[in-house]
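Structure record follows, encoded as structure tokens.
Below, chain A is the first sequence line, B the second, and so on; all start at residue 1.
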Amino acid sequence: MTTLIDVPPSLDDKSFEQVLDQLAPLPPDEKIIVDARRTRWASPYGLTALLTLAQSRADRPGFYPTEIENTGSYWARANFYKHAEEVYEFHGKAHRTPPHRESDVLLEITPIVQSGDVHNVVERIQKKAQEILTGKLNLEPSSTMRFTMALSEACQNIIEHAGCGGWVAVQTYRWQQRLNGRKVVVIAVCDAGVGFRQSLESSPARRLRDRWNDAIALEEAVLNGVSRFPDVGRGQGFAGIRRFVGHWDGKLSVRSGTARIVASVPDWDSDETAREEGLPPFPGAQLQITIPERIA
Amino acid sequence: MVNHIDLSSVLKRSVCALYSNLVTRPTGAAVRTEIELQLGQLGPKALTIIDFSHVGALDFSCADEIVAKLLLSSIANPERQDVYFVFRGMTDSHLDAIETVLERHGLALVYDRGVDGVRLFGDIDPAGREAWQAVFNCGGGPADEIAAAVGIPCEEAQALLEDLRHRRLLMRTEEGYVAVRPVS
């Protein structure tokens with residue numbers, strides 16, 4: 001039996017939970033087809049999470065690409081189809097990449113498997129990041145290097161803790177639902193690896209606690225700088241990301257297993273929840289950094 | 001002996017000629033290994049200038065592998081008790097990463113800011129900073145002179161200066177204590 005998984009018309013970190021709600025009752029080896037035919041927009045998180053979803057299934061899932069021309073064209077420019085064709089069985093025709101067109105894709109969907117991939121991402125993104133962060137988001141020029149640093153640390157999280165490859169994508173867009181249509185730059189880093197709880201459990205030095213679950217593991221790693229490595233120098237990456245995000249009034253959210261936390265909820269997203277538990281289970285870790293345009 | 005290490009050159013030589021950013025832990029470890037090899041050839045007494053001028057981004061993992069572990073290994077190694085470092089060419093974003101890792105390990109370093117002078121950077125308490133600055137300003141001297149300059153008892157000054165020496169921020173000579181500083 002094959003189950004059709006419906007992708008919402010607008011796919012971001014929040015609406016991706018609707019996809020996971022549909023997956024939750026299914027055994028991992030159940031054949032599924034992910035149906036994105038009516039999806040008209042997807043954030044970098046949405047696209048990388050769709051790739052991660054395919055990685056998490058025992059059987060290669062099927063995929064119906066979007067039928068909306070502009071959306072398909074954008075997904076092609078973001079390299080979504082290039083990677084999706086490796087993890088999904090396609091039903092229907094995917095759009096091809098149109099020739100050289102101006103795009104707000106800051107970094108196309110890029111696989112992260114080894115540390116050389118992080119280097120390549122950082123080397124590639126710098127010039128365009130400078131243009132977008134200072135030219136479009138009105139951030140200070142010094143933000144570029146800190147942005148790069150945050151991106152590097154987020155990607156390294158996959159290599160150090162996931163136990164398998166993941167994906168990164170960076171994009172700018174106008175956020176109509178929040179921030180009165182201000183521009184944002186969004187970094188999404190998703191993997192289908194072991195997740196924070198299992199990663200921390202692998203540490204022989206782990207402090208035993210009365211309560212232990214995905215949310216606590218997330219808080220330990222993201223907020224308290226706890227790492228599975230005994231080296232005292234480990235676990236500084238998230239502190240650095242949080243400082244960068246806090247400085248630019250941004251948001252850092254991390255989902256792992258059945259929990260999701262937001263490191264500090266910004267004023268512009270006051271209905272956001274700092275900690276969610278009991279979400280539908282999903283392997284690995286999915287991280288999103290959002291930096292809004294600065295208004296003088 | 002004064003040795004100058006351009007980190008960008010070390011990165012290109014030891015990891016990849018196309019890279020300009022110090023990111024990821026394996027890269028940091030490779031760069032530090034190359035620096036340690038150079039230090040091994042210098043002998044037991046050396047001042048090394050670590051130059052960040054041509055480095056693009058520096059992330060926390062690399063800052064930890066290069067700066068923190070280099071300082072920690074020098075402090076821990078008795079054969080390197082006369083090996084000192086001066087750091088220069090850092091941007092504000094480099095300093096963000098370096099400050100975080102120094103504080104994590106309780107370390108400090110000598111930071112050459114060019115025309116803005118030389119100062120200590122990292123985890124250093126006000127008394128230690130003041131003692132180091134007194135040694136730097138007077139060009140060096142014995143503990144009793146530094147104690148008088150700072151206005152503290154000699155025993156207290158001696159303890160502060162020894163701690164700074166242990167942290168490779170001061171050198172001890174026959175005449176007393178001398179601040180680690182860039183040599184032109």
Drop me the distance from B:Cys62's SG to A:Gln156's CD, to the nearest 0.5 angstrom. 7.5 Å
Measuring only between side-chain heavy atoms, which start at C-beta, is B:Arg25 closer than 4.5 Å to A:Arg234? yes
Correct closest heavy-atom pair for A:Met149 and B:Ala97 would be SD-CB, 4.0 Å
Within the distance-only criterion (no hydrogens, no angle test), does the side chain of A:His119 pair as donor or acceptor with the backbone N or O of B:Val23 below 3.5 angstrom? yes
Among A:Val122, A:Thr144, A:Leu151, A:Ile159, which has the most heavy-atom pairs under 4.5 Å with chain B? A:Val122
Answer key: most heavy-atom pairs under 4.5 Å with chain A among B:Ser61, B:Gly56, B:Ala68 is B:Ser61
Flag the one option from B:Asp64, B:Val15, B:Asp92, B:Leu58 with the top tally of heavy-atom pairs under 4.5 Å to chain A. B:Asp64
Separation between CZ of A:Arg146 and CG of B:Asp59, rounded to the nearest 0.5 Å: 14.0 Å
Heavy atoms of A:Ser115 and B:Thr24 approach each other most closely as O-CG2, 3.7 Å
With side chains defined as the heavy atoms from C-beta onward, is the minimum distance between A:Gln126 and B:Asn21 less than 4.5 Å? yes
Separation between OG (B:Ser93) and CZ (A:Phe244), nearest 0.5 Å, reads 11.0 Å
Ignoring hydrogens and geometry, is there a side-chain-to-backbone donor-acceptor pair from A:Glu153 to B:Phe60 under 3.5 Å? yes
Considering only heavy atoms, which portion of A:Thr148 lies under 4.5 Å from any heavy atom of chain B: side chain, backbone, both, or neither? side chain
Do we see a donor-acceptor contact under 3.5 Å between the side chains of B:Thr100 and A:Arg243? yes
Does the side chain of B:Leu18 reach to within under 4.5 Å of the side chain of A:Glu123, using non-hydrogen atoms? no
Give, for atom NE2 of B:His105 and atom CD of A:Gln236, the distance between the pair rounded to the nearest 0.5 Å. 5.5 Å
